[in-house]
Visitor: 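Here it is: the structure, laid out below.
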Amino acid sequence: MKTSGENILGYNFSSSGETVFFAKNPATGNQLETPYHEATLTEINQAITLAENAFTLYREKTGEEKALFLETIAEELLQIEEELVAFCSQETGLPVGRLKGELGRTIGQLKLFASLLRDGSWVDARVDEADPNRTPFPKPDIRQMQIALGPVGVFGASNFPLAFSVAGGDTASALAAGCTIVVKAHPAHPGTSELVGKAIVSAAKRCDMPDGVFSLVQGASIGVGQAVVRHPLIKAIGFTGSFRGGKALFDEAAKREEPIPVYAEMGSANPVFVLPGILKENHQTLAEGLSNSVQLGAGQFCTNPGITVLPKTKESKVFEDVLKNSVQVSESATMLTEAIQKGYNLGLEKLKVKKEVESISTGKKTEGHSQGVAEVLSVSASDFLSDKELEEEVFGPSTLLVRTEDKNEIMDIAKNLNGHLTATVHGTEEDLYEYADLLKVLERKVGRLLINGFPTGVEVCHSMVHGGPFPATTDARMTSVGTAAITRFTRPMCYQNYPDSLLPDELKTENPLSILRMENGKYVLPN
Ligand code: NAP
């Protein structure tokens, strides 16, 4: 499959910029053939102006029409599955099997949002009927529902080139909300982005969607992303990536004349707490499970368990030995980009120069470019507590074991944690009862709390929260995975004394869409 290297501006393609960049195959270090044209400021402005014009039409589409659009995108992606996955594998070094799974997730995500739209109740409709006889003042008729924000900017993530990129969770939730989109493609997989972008355009045409409902701008310098964030017609941003990048975009948005929300998911060390009782019973399987979770996808998951808090017991020695051995025999894997691989090594070096941190096991380095070698490091709880840098995400296949002397140290670690996406607690029933206070502390630190599992593997469903307090994200109230992600791109709108015929269908008195609503303070199921 060939790519053209152009930007997608609504239904047109454009490559007027002179700056070009190339993708690299991280497994070989070789540059791939297509030159990608970085979008110019004029092109970015064109894409966003089209998105604004398209918004006035797209926001009027019914839930059924938007659902069909999302399903048609899924259909278009499925049609190019073989070529897309092969192309993406070249750009990312990710194995074809993993990418097929990720495409399945992407398609499942689009279909899940389609089903949410068909159900329709997601708009959180509230109806307070008028009471003209109320004294001392008559009560007006007031109705409320969620409506779309406007054109939004989405940044593709490097580590999920399909599921968190051009047709990923941010795009699916924003389109479902009724927003039009301009995607800033991640420069590590520009060709994959273009192919997926073209599939979306083709779906948009098939579904008679307005020109500009979707655009894609390419760029290997931060200027392109900054221009999207600064543009006055953009009303929100979705981002997944580094703390540095996410925070810079958040700050940029705050400087605008009209500040806008930036939903940045910026990484996390996902602490895992192993409690004494379960350690006694299950040290072998727990250590093997942790080793697998740390190394999954070369550790390039935002939910990778980067910190493991372990009580010092007779069994913790065996646990460490199993973990060490499992990591020692593991083969390295190609990381997504040279920069990410260098960042991983730098992150490890930063830890290892500290005299209190010891590297206790390293995996095997195999031939090839951009290899991520697994590593386990350790530190005492007291040293961990005195150095905040030890809590930072090291993006790759490593974990830092924190050895604790007693429950007080475990509690101190939990209390002093920054915000993370997840925390995991391994414990027997008795452990969990005894450490109920630990769970309460962790509730204030993360968006998802797991018992006896591993945080890698984020289910796409209605109840998922993939978010958490700062610095894991810039808005702890939101999730970037699951159907609840839709509310990042909506706002509540209130209609007072509106004639029934002018109200959106969701709020009309007869409830023509048969959705769940709150009517005069009570949730009412449709007949
Ligand atoms: P990144 O550096 O945050 O870049 C992500 C996107 O944001 C890119 O499109 C990038 O554009 C843009 N960007 C970054 N800084 C910007 C700025 N100041 N202004 C405007 N746009 C900006 O992430 P990455 O390249 O994917 O990986 C780098 C590091 O991020 C990794 O080593 C890892 O530590 C972390 N990461 C974390 C997660 C996670 O889920 N926790 C996921 C991926 C990466 P340009 O590339 O054009 O600059």
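Only a predicted model underlies this, so the values are computations on that prediction, with no experimental measurement involved. Numbering of ligands and ligand atoms starts at 1, following listing order.
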Visitor: Quick check: S268 and ligand 1, any N/O pair under 3.5 Å apart?
Guide: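 Checking ligand 1 against S268, no N or O pair falls under 3.5 Å apart.
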
Visitor: Look at the rings of F160 and F164 and say which category their plane angle falls in: under 30° parallel, 30 to 60° tilted, over 60° perpendicular.
Guide: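 If you compare the ring of F160 with that of F164, the planes turn out tilted.
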
Visitor: Using a strict cut-off of less than 4.0 Å between a Lys/Arg side-chain nitrogen and an Asp/Glu carboxylate oxygen, indicate whether D251 and K255 qualify as a salt bridge.
Guide: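 No, D251 and K255 are not salt-bridged.
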
Visitor: Tell me the contacting part of F239 for ligand 1: side chain, backbone, both, or neither, using a 4.0 Å heavy-atom threshold, strictly below.
Guide: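 Under 4.0 Å from ligand 1, F239 contributes side-chain atoms alone.
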
Visitor: Give me the nearest non-hydrogen protein atom to atom 21 (N) of ligand 1 as residue plus atom name, then the distance to 0.1 Å.
Guide: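 That would be L249 CD2, 3.7 Å.
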
Visitor: Apply side-chain hydrogen bond (donor to acceptor under 3.5 Å, both in side chains) to the pair Q371 and S332, showing each step before the final yes or no.
Guide: CA-CA 6 Å; Q371 293 297 297; S332 61; 2.7 Å; yes

Visitor: Below 3.5 angstrom, do we get any N/O pair linking H186 and ligand 1?
Guide: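 Among all N and O atoms of H186, at least one is under 3.5 Å from an N or O of ligand 1.
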
Visitor: Going by the order shown, which atoms of ligand 1 are within less than 4.0 Å of some heavy atom of A248?
Guide: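 Within the 4.0 Å cut-off of A248, ligand 1 contributes 18 (N).
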
Visitor: Strictly under 6.0 Å, is that where the ring centroids of F243 and F470 end up?
Guide: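 Ring-ring flag for F243/F470: true, centres closer than 6.0 Å.
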
Visitor: Could you tell me whether D170 and R488 have a side-chain N and a carboxylate O separated by less than 4.0 Å?
Guide: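 The answer is yes: the pair qualifies as a salt bridge.
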
Visitor: Assign the ring pair F69 / Y58 to parallel, tilted or perpendicular, where the plane angle (0 to 90°) is split at 30° and 60°.
Guide: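 Aromatic pair F69/Y58 classed perpendicular.
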
Visitor: May I ask whether F301 places a heavy atom under 4.0 Å from ligand 1?
Guide: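 Contact check F301 vs ligand 1: negative.
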
Visitor: Test of understanding: given a 4.0 Å heavy-atom threshold, classify the contact between S242 and ligand 1 as side chain, backbone, both, or neither.
Guide: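 Both backbone and side chain.
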
Visitor: Are K440 and E443 close enough for a salt bridge, meaning some N to O gap below 4.0 Å?
Guide: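 Yes.
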
Visitor: Is there a donor-acceptor pair under 3.5 Å between the side chain of E38 and the backbone N or O of A220?
Guide: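 The answer is yes, because a donor-acceptor pair under 3.5 Å joins these two groups.
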
Visitor: Side chains of T399 and T308: is there a donor and an acceptor less than 3.5 Å apart?
Guide: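 Checked: T399/T308 side chains pair up, N/O donor to acceptor below 3.5 Å.
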
Visitor: Looking at E82 and K100, is any side-chain nitrogen of the basic one under 4.0 Å from a carboxylate oxygen of the acidic one?
Guide: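 The answer is yes: the pair qualifies as a salt bridge.
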
Visitor: For ligand 1, indicate whether the residue K184 contacts it via side chain, backbone, both or neither (heavy-atom separation under 4.0 Å).
Guide: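 Only the side chain of K184 comes within reach of ligand 1.
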
Visitor: Under 4.0 Å from a heavy atom of N159: give me the atoms of ligand 1 that qualify, with their elements.
Guide: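 Matching atoms, with element in brackets: 40 (O), 42 (C), 43 (C).
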
Visitor: Under 4.0 Å from ligand 1, counting heavy atoms only, is it the side chain of V224, its backbone, both or neither?
Guide: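 It is neither; nothing of V224 touches ligand 1.
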
Visitor: For G219, counting its heavy atoms only, list the atoms of ligand 1 lying under 4.0 Å from any of them.
Guide: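 Once the distances to G219 are compared, the set is 47 (O).
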
Visitor: What residue and heavy atom of the protein are closest to atom 15 (N) of ligand 1, and at what distance?
Guide: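 Minimum-distance protein heavy atom for atom 15 (N) of ligand 1 reads G245 CA, 3.3 Å.
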
Visitor: What protein heavy atom sits nearest atom 46 (O) of ligand 1, and how far off is it?
Guide: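 Ranked first by proximity to atom 46 (O) of ligand 1 is P187 CG, 3.1 Å.
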
Visitor: Find all atoms of ligand 1 within a distance of less than 4.0 Å from any non-hydrogen atom belonging to S158, and give their numbers and elements.
Guide: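 Heavy-atom distances to S158 below 4.0 Å select 24 (P), 26 (O), 43 (C).
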
Visitor: Among all protein heavy atoms in this structure, tell me which lies nearest to atom 31 (C) of ligand 1, with the distance rounded to 0.1 Å.
Guide: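 In this structure, atom 31 (C) of ligand 1 has F395 CD2, 3.7 Å as its nearest protein heavy atom.
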
Visitor: Please work out which of G225, A339, G241 has its closest non-hydrogen atom nearest to atom 36 (N) of ligand 1.
Guide: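 The residue whose heavy atom sits nearest atom 36 (N) of ligand 1 is G241.
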
Visitor: Could you tell me which atoms of ligand 1, counted from 1 in the order shown, lie closer than 4.0 angstrom to a heavy atom of G267?
Guide: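 Atoms satisfying the 4.0 Å criterion: 41 (N).
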
Visitor: Just go through C302, S221, G396 and tell me whose heavy atom is the nearest to atom 39 (C) of ligand 1.
Guide: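 Looking at heavy atoms only, the winner is C302.
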
Visitor: Which residue holds the protein heavy atom closest to atom 32 (O) of ligand 1, what is that atom called, and what is the gap in Å?
Guide: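 For atom 32 (O) of ligand 1, the nearest protein heavy atom is I340 CG1, 3.8 Å.
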
Visitor: Taking side chain to side chain contact (heavy atoms under 4.5 Å, CB included) as the definition, give me every residue that meets it alongside R491, ordered by chain and number, with sequence neighbours left out.
Guide: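 So R491 forms a side chain to side chain contact (heavy atoms under 4.5 Å, CB included) with I147, L149, M493.
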
Visitor: Does K235 make a cation-pi contact with F489, if we ask for NZ or CZ under 6.0 Å from the ring centre and within 45° of the axis?
Guide: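 No, K235 does not sit over the ring of F489.
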
Visitor: Tell me, which protein residue and heavy-atom name are nearest atom 16 (C) of ligand 1, and how many Å apart are they?
Guide: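 Here the nearest protein heavy atom works out to I222 CG2, 3.5 Å.
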
Visitor: Is it true that, when you exclude K324 itself, more than 12 heavy atoms of the residues, nucleotides or ligands shown sit nearer than 6.0 Å to its NZ?
Guide: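 Counting neighbours around NZ of K324, more than 12 heavy atoms of other residues, nucleotides or ligands fall under 6.0 Å, so yes.
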
Visitor: Identify, by atom number and element, the atoms of ligand 1 in contact range of A220, meaning under 4.0 Å from any of its heavy atoms.
Guide: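 The list of qualifying atoms is 47 (O).
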
Visitor: So, are K2 and E33 salt-bridged, with charged N and O less than 4.0 Å apart?
Guide: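 Yes.
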
Visitor: Heavy-atom contacts with E265 under 4.0 Å: which atoms of ligand 1 show up? List them by number with element.
Guide: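 Taking each heavy atom of E265 in turn, ligand 1 has 40 (O) under 4.0 Å.
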
Visitor: Using heavy atoms and a threshold below 4.0 Å, how should the contact between Q300 and ligand 1 be classified: side chain, backbone, both, or neither?
Guide: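 Neither part.
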
Visitor: Under 4.0 Å from a heavy atom of R244: which atoms of ligand 1 are those, numbered in the order shown and with their elements?
Guide: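 Ligand 1 atoms under the 4.0 Å threshold to R244: 2 (O).
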
